[in-house]
Amino acid sequence: MHGGVFRVYEADECGADGYPFAWHETIKHDVRALALNRCVRCGHPYRVGEHGNGEWSPCDNLCHHGGNVRWLRDGIPVSVEGHDCSWVDVAAVYDHEPAVTIEARWRILTVHHLDGDKRNCRWWNLAALCQRCHLAIQGKVQMARVWPWEHSEWFRPYVAGYYAWAYLGEDLTRDETIGRLDELLDLERAA
Ligand SMILES: [Zn+2]
Ligand SMILES: [Zn+2]
């Protein structure tokens, strides 16, 4: 699957908000669906329209994020943990406390343009991220900046797709990119 809706859009294909028309119609929904409605960085699950205004949404055992969560016992909120610094081992809690549910605050699933360009809708530029991860990486992650250290696990396919395009001029699919991950990440070290 090359191109399709995941491509760069011309100015006349975009609305006044700077986004391609296809962004609102399909792209942002497709990116969330391809990520199985989870933040690709912290794993928090979120389905648009299913969590009221989005302030609280339930965690599951694939979550690996910090606090700012509340505990519910038999559906009734019993405590709020306000800090964002500690990790919550949701799987362990669910194992030991079957009556407990954990909900995270403000982790609505958004779609972030990693290079900041709304018209660049190549797959490697679009990451489904919850609001907190979106804020955490904004300004920190820059595709075009040379990065001599190891990339975070979640970020590798995206930056490798970018390197294939930037260094080799190759427009690879996600599967092709993952198949050549080490080779593509080495391009940066060689540069
Ligand atoms: Zn997240
Ligand atoms: Zn969570």
Side-chain angles (χ1 to χ4, degrees), residues 6 19 23-24 27-118 120-143 145 147 149-162 174 177-178 181:
F6 297 108
Y19 289 96
W23 171 259
H24 300 290
I27 297 170
K28 66 180 179 185
H29 309 292
D30 289 351
V31 172
R32 284 191 288 244
L34 287 167
L36 306 177
N37 295 298
R38 279 181 196 278
C39 173
V40 296
R41 183 170 178 263
C42 77
H44 185 76
Y46 190 96
R47 287 183 179 273
V48 172
E50 291 185 12
H51 309 290
N53 70 354
E55 180 173 5
W56 297 103
S57 55
C59 292
D60 67 18
N61 54 14
L62 294 180
C63 285
H64 48 95
H65 52 71
N68 228 305
V69 298
R70 69 178 179 184
W71 287 43
L72 299 90
R73 196 173 291 277
D74 297 318
I76 297 161
V78 288
S79 70
V80 175
E81 205 186 299
H83 305 291
D84 233 345
C85 49
S86 59
W87 292 93
V88 181
D89 192 342
V90 178
V93 172
Y94 285 179
D95 264 359
H96 293 101
E97 303 254 22
V100 166
T101 312
I102 291 176
E103 292 183 339
R105 193 171 214 168
W106 297 127
R107 287 192 186 266
I108 293 171
L109 192 57
T110 63
V111 180
H112 182 52
H113 289 73
L114 293 168
D115 75 352
D117 179 359
K118 294 171 184 170
N120 182 359
C121 294
R122 292 189 176 98
W123 71 267
W124 47 256
N125 197 38
L126 303 176
L129 290 164
C130 76
Q131 292 166 290
R132 287 181 192 277
C133 289
H134 192 154
L135 284 173
I137 69 150
Q138 206 154 33
K140 262 202 278 183
V141 169
Q142 288 173 29
M143 295 288 234
R145 186 179 56 193
W147 184 259
W149 302 285
E150 286 284 294
H151 289 291
S152 310
E153 192 70 35
W154 73 268
F155 188 54
R156 288 177 180 203
Y158 299 94
V159 79
Y162 167 73
R174 189 185 172 93
T177 301
I178 288 169
L181 206 55

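Small disclaimer: the values here were computed from a predicted structure and weren't measured. One-based numbering, in listed order, for ligands and for the atoms of each.
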Report task. Compare all side-chain heavy atoms of N125 with those of F6 and state whether any distance is below 4.5 angstrom. Result -> no
Requested in this report: Pick out which of R70, R107, R105 makes a salt bridge (charged side-chain N to carboxylate O under 4.0 Å, His left out) with E55.
Outcome: R105
Query raised in the report: Mind counting the protein N, O or S atoms sitting less than 2.8 Å from the Zn ion (ligand 1)?
Result: 4
Query - Test applied, side chain to side chain contact (heavy atoms under 4.5 Å, CB included); reference residue, Y158; option that passes from H151, R122, R174 - result: R174
**Report entry** Taking every non-hydrogen atom, the tightest pair across C39 and C130
**Finding:** SG-N, 3.3 Å
Report task. Measure the CH2-OG1 distance between W123 and T177 for me, rounded to the nearest 0.5 Å. Result -> 4.0 Å
Requested in this report: Flag the pair R38 and D60 as a salt bridge only when some basic side-chain nitrogen lies within less than 4.0 angstrom of an acidic carboxylate oxygen.
Outcome: yes
